[in-house]
Amino acid sequence: MSQFVWDEKYDVGIKHFNNQHKQLLDALRDVYKAMENKEDKAAIATVLNNLIKYAKEHLTQEETCLKENKYPDFENHKKLHEVFISKIIQFYEDLKNDKFTIHFEIAIFIKNWITNHIMIIDKQYTEFLHSKGIY
Ligand SMILES: [Fe+2]
């Protein structure tokens, strides 16, 4: 379960976003736990839906901040968020429609996306936002 816990390697240098990334991983851990405990479809759908809601909220806040500060890579960054959101919504729809059964793969995919995005893409805005006085 430690793989769903925030670690210093995910530090993007912006306190608010670090806190949100921690909460995002918490929400994902709930999904993983529900799957591990072999909870029923409705229970897994609920925690997955919570994760989607939280991811949307966080990614929108990140986008607003990047846009307001005229981050040069804003459009590309936003697109990556959109692809991710549509993918997890698809997982949710598939779950509701009994189209998938391999739950753990879903949790691992989401975990890999979030952690890679934080470590590779989000970290690219650190220096830029710091130069705008945002920490
Ligand atoms: Fe991001």
Side-chain angles (χ1 to χ4, degrees):
M1 215 61 94
S2 65
Q3 57 179 330
F4 300 107
V5 176
W6 190 88
D7 184 89
E8 270 179 14
K9 66 179 184 242
Y10 305 137
D11 185 358
V12 296
I14 315 291
K15 204 173 168 219
H16 182 61
F17 294 151
N18 279 342
N19 286 335
Q20 290 192 326
H21 289 152
K22 284 173 195 168
Q23 290 191 48
L24 202 52
L25 287 170
D26 284 347
L28 177 58
R29 196 163 57 237
D30 289 342
V31 173
Y32 191 84
K33 268 192 219 157
M35 291 173 176
E36 195 176 47
N37 295 339
K38 297 197 185 338
E39 287 181 26
D40 63 18
K41 198 175 86 171
I44 292 172
T46 300
V47 284
L48 189 57
N49 194 35
N50 285 341
L51 173 73
I52 292 169
K53 276 197 271 181
Y54 193 73
K56 276 186 183 168
E57 188 186 316
H58 160 61
L59 297 176
T60 302
Q61 284 192 31
E62 232 185 49
E63 288 162 15
T64 302
C65 174
L66 296 177
K67 192 173 185 182
E68 275 177 6
N69 288 284
K70 301 188 169 53
Y71 181 56
D73 197 39
F74 168 72
E75 289 300 334
N76 179 49
H77 199 126
K78 186 177 192 261
K79 249 175 224 140
L80 293 170
H81 287 173
E82 285 168 354
V83 171
F84 174 65
I85 291 291
S86 63
K87 238 183 186 141
I88 54 177
I89 289 174
Q90 189 61 54
F91 288 146
Y92 180 77
E93 297 296 329
D94 287 352
L95 175 65
K96 288 234 148 193
N97 298 319
D98 283 320
K99 278 193 192 154
F100 79 68
T101 47
I102 320 159
H103 299 141
F104 282 111
E105 283 187 13
I106 303 297
I108 298 299
F109 167 86
I110 298 172
K111 183 244 159 197
N112 286 341
W113 189 92
I114 292 173
T115 53
N116 286 330
H117 181 81
I118 292 171
M119 288 192 291
I120 299 162
I121 307 297
D122 285 347
K123 280 190 178 190
Q124 292 172 4
Y125 62 53
T126 305
E127 215 176 308
F128 178 82
L129 291 178
H130 284 179
S131 78
K132 303 278 175 186
I134 300 163
Y135 288 88

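Whatever order the structure lists ligands and atoms in, that order sets their numbers, starting from 1.
Under the 3.5 Å distance criterion, with hydrogens and angles disregarded, no donor-acceptor pair is assigned to the side chains of Gln124 and His77. The closest side-chain donor-acceptor pair between Glu63 and His81 falls under 3.5 angstrom.
Nearest to the Fe ion (ligand 1), among the N, O or S atoms that Asp122 has, is OD1. Looking at Glu62 and the Fe ion (ligand 1) together, the shortest N, O or S contact belongs to OE1.
Residue Glu63 does not count as close to the Fe ion (ligand 1), with no N, O or S atom under 2.8 Å.
Between His21 and Phe17, the angle of the ring planes lies from 30° to 60°, which puts this pair in the tilted group.
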Expected list for residues 83-93: side-chain donor-acceptor pairs under 3.5 angstrom, two or more places apart:
from: Ser86; atom 1: OG; to: Glu82; atom 2: O; distance (Å): 3.2
from: Ser86; atom 1: OG; to: Val83; atom 2: O; distance (Å): 3.0
from: Gln90; atom 1: NE2; to: Asp94; atom 2: OD1; distance (Å): 3.0

